[in-house]
Amino acid sequence: MSNGPELIITEKDNAARRIADILSGESAEAERVNGVNVYKWGGKRCIGLSGHVVGVDFPPEYNDWRDVEPVELIDAPVAKHPTQENIVAALRRLARRARRVVIATDYDREGELIGKEAYELVREVNEDVPVDRVRFSSITQREVTEAFENPDELDFDLAAAGEARQIIDLVWGAALTRFLSLSARQLGDDFISVGRVQGPTLKLIVDREREIDAFDPEDYWELFADLEKDSESFEAQYFYLDEDGNEAERVWDGDDAETAYETLREAETATVDSVRRRTRTDDPPAPFNTTQFIRAVSSIGYSAQRAMSMAEDLYTAGYITYPRTDNTVYPEDLDPRELLGEFTANRTFGEDAEHLLEQEEIEPTAGDNETTDHPPIHPTGELPSRADLTEDEWEVYELVVRRFFATVAESAEWEHLRVVADANGLSLKANGKRLVKAGYHDVYPYFNSSESFVPDVDEGEELVVTETSIDAKQTQPPRRYGQSRLIETMEQMGIGTKATRHDVIQKLYDRNYIESDPPRPTRLARAVVEASEEFAELIVSEEMTAQLEADMQAIARGEATLDDVTEESREILEDVFEGLMESGDEVGKHLQKSLKADKTVGSCPESDHDLVIRKSRRGSYFIGCDGYPDCTYTLPLPSTGKPLILEEECEEHGLSHVKMLAGRKTFVHGCPLCKAEEADEEEDLVIGTCPDCGEEHGGELAIKRLRSGSRLVGCTRYPDCDYSLPLPRRGDIEVTDEECEEHDLPEIRITYEDSDREPWELGCPICNYREYQAEQVDGDELQSVKGIGAKTAEKLKDAGIDDVPSLKEAEPDALADLMDGVGPDTVRKWQSAAD
DNA sequence: GCAAGGTC
């Protein structure tokens, strides 16, 4: 037997580092093998993978979409090949000499498969080395040491269950994706995809849109009265008992409503019939798993994608635990008092932490999901200072800290007061609620804890009716799913995983299946769902995952084999293709029609064709005639954002309004033809003399708007004189009375009508442009230092370093503190390079 | 260039 090192393999570098620290008593040292971190101590090495380092795919001869019939993919061979070459190479190098290998990947099904993949790579270069498996659900001293003291074996059945999933997903996904794309002739970037998870997710969105389309609003009325006691007024609502004896507030008949309102209006007083008081306990929330974390972050205004990317950054920086988890129960190892203790000295959290520590007993809440994968998301106890994080990241970090606080805080208590009164024979009710004990709301302000006031009244008491009203309303269609609701629903349906659900939604955006936020399906999405429902129902049904889960469990229990399950799945797909291939042309036409409809803005005013949104070779959008090159009619679109066609149409031109999606800078452009006409009519506003040709030829400087929507200060003698100065794209340009003494030009202010943004005093356009150029030069100057690129120069500027002299003077430790991913040694390197 | 699942 070799006397080489013992090799420990984890799922990711971060876990490798922490496990090495625990097992070595912090004595492990990092070295690089093939550019991969390896932690080394005694006779041991620990390497972290990057999740799957091998992937499944078809052999290269199946790569060409046009040469291979999609149906052939069903029985095509599927092979594994390395996807992370450097890690695979490093692993092989270490495994060759190892005397023992320990697989320490995550404790879940995918972790077992990743472990088996590592096992196979090890076996390729070392046939005899013993391979053990350790399992722990949180990386703590106790769990890790215990796991390593009691090693187990790899569960090959569980790994095979995961492999079955990989194969089925690839075969179904690739065959159907290629079929749909080929039938609609969408090859290249705009292919049409379907899959086991994206399919049902898309159907969920499309089904909701169908409900909205089919919705027929109904009129109803609601009646209200303001009641007064001791000059304190509160609102009560009319109700009656319906046929089933249930309380109802909505009056569905207009005449009935009118009659009731006449009666109510005549009432001068109302007599209290009943008063009911109840105290309700409001328990603190459970610890965060990924889904609940995303939900909470989206309630403070961030997308699911952004929530996860910020969580990732906070995790890698060491401030919060692993963000991808299903678990909502803290591990036993977590000592809430100890963790709270880490916050007592902090400016933001100290006071709350102290209060919580004053509780006699601290028993954290627990949710319904107890899993082995990772602990719930909580702060690690290593605290960032505010300057270490961006404002957004701080907000998310604070949320995670406060959620942890909430889970160890006391319950809140509400007092509900329900008053029923009689006004002229009509029943009125009022519900008040008061927070009598704030409990966890004191440390977790993200839930609504607003009170509604109803005064203390007694039965039989007479109240004055001060005001009455009747509201005509309509029933509303169901609301579209927001991103976090979608993720919650996917979790309930059992599709996707904690680590992929938000990516799936992003994928639907990338495929042009959904637009805007909350997501709205395109015509293409409807057509894809319709075609799937007709010919491949399983791919848009949650049943496919349910069946697969059952099969995987059978494999994991040893009751079925990988081959049984994948073979059966291939047979089902064969059947699907029989129907599909017969109707290929029809399906393709339908998809193509929908693709066209998604781009169409209206009819061309100069020919019989449609006007469609197109993309220029440079990547900008414009509107062009579908009859091109016979008809060359075009209309410009703003250069910021991606155009979204709205349902609203221009009354004058019959064209759809267009909205430009650009994150927070999203705005409605309106009718593109109206906009183009406005731009043509707008007269150039002269603000001064042209510095280039004013004296000689009398050229003047004017504020101009180009047809593309962009604006500039340019010479009126253009194109004879091309003097120009840039102006910002967004905001309204205001010419002030102030004048620049140096250039005899008025100062300019930019205001933002449709946002809360403060006006920008741009000043004299010439001075402004010079300053801008000077900044560019500064940036270039920093970039002249070896090791500093454009991005780093930007970061340096954020840290207050504008030029080389200030870089040289900077204190390396202080500067490194201000910059993400930069250490003091790097700063010293720059400083010596600048000499 | 297809899926879904890891991780960054």
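Every chain is numbered from 1 and lettered A, B, ... according to where its sequence line falls, protein lines coming before strand lines.
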Salt-bridge test for A:Arg557 and A:Asp157: reply yes if a basic N is under 4.0 Å from a carboxylate O, no otherwise. no
Using a cut-off of 4.0 Å on non-hydrogen atoms, how would the nucleic acid contact of A:Arg511 be classed: base, sugar-phosphate, or nothing? sugar-phosphate
Closest listed nucleotide, where the reference is the side chain of A:Ile114 and the choices are B:dA4, B:dG6, B:dC8: B:dG6
Would you say a side-chain N or O of A:Gln198 is under 4.0 Å from OP1 or OP2 of B:dA4? yes
Within the structure shown, what part of the strands sits under 4.0 Å from A:Asp189 by heavy-atom distance: base, sugar-phosphate, or nothing? nothing
Should A:Tyr315 be listed as having a side-chain N or O under 4.0 Å from OP1 or OP2 of B:dT7? no
Using a cut-off of 4.0 Å on non-hydrogen atoms, how would the nucleic acid contact of A:Trp172 be classed: base, sugar-phosphate, or nothing? nothing
May I ask you to evaluate whether A:Thr497 reaches the phosphate of B:dA4, defined as a side-chain N or O under 4.0 Å from OP1 or OP2? no
Polar pair under 3.5 Å, donor/acceptor by atom type, side chain A:Asp57, base B:dC2: yes
Using a cut-off of less than 4.0 Å, is there contact between a side-chain N or O of A:Thr500 and OP1 or OP2 of B:dG5? yes
So, is A:Arg324 near the phosphate of B:dT7, with a side-chain N or O under 4.0 Å from OP1 or OP2? yes
Looking at every strand, decide which applies to A:Gly188 at a 4.0 Å heavy-atom threshold: base, sugar-phosphate, or nothing. base
Please classify the nucleic acid contact of A:Glu11 as base, sugar-phosphate, or nothing, using heavy-atom distances under 4.0 Å. sugar-phosphate
Tell me whether the side-chain N/O atoms of A:Ser50 come closer than 4.0 Å to OP1 or OP2 in B:dG6. no
May I ask whether A:Phe191 stacks on the base of B:dG1, given the cut-offs of 5.5 Å between ring centres and 30° between planes? no
Side-chain N,O (A:Arg178) to OP1/OP2 (B:dG1) below 4.0 Å: no
Before accepting this row, confirm whether a basic side-chain N of the pair A:Arg178/A:Glu69 lies closer than 4.0 Å to the acidic partner's carboxylate O. no
Test side-chain hydrogen bond (donor to acceptor under 3.5 Å, both in side chains) on A:Asp13 and A:Tyr39; report intermediate values, then the result. CA-CA 10 Å; A:Asp13 174 59; A:Tyr39 303 90; 2.8 Å; yes
Can you find a side-chain donor-acceptor pair between A:Ser569 and A:Trp172 that sits under 3.5 Å? yes
For A:Leu113, report the nucleic acid contact type (base, sugar-phosphate, nothing); a contact means any heavy atom under 4.0 Å. nothing
I want to verify a distance call: between B:dT7, B:dG5, B:dG1, whose nearest atom is closest to the A:Ala499 side chain? B:dT7
Side-chain ion pair, A:Asp373 and A:Lys498, N-O less than 4.0 Å: yes
Counting only side-chain N and O atoms of A:Lys498, is one of them less than 4.0 Å from OP1 or OP2 of B:dG5? no
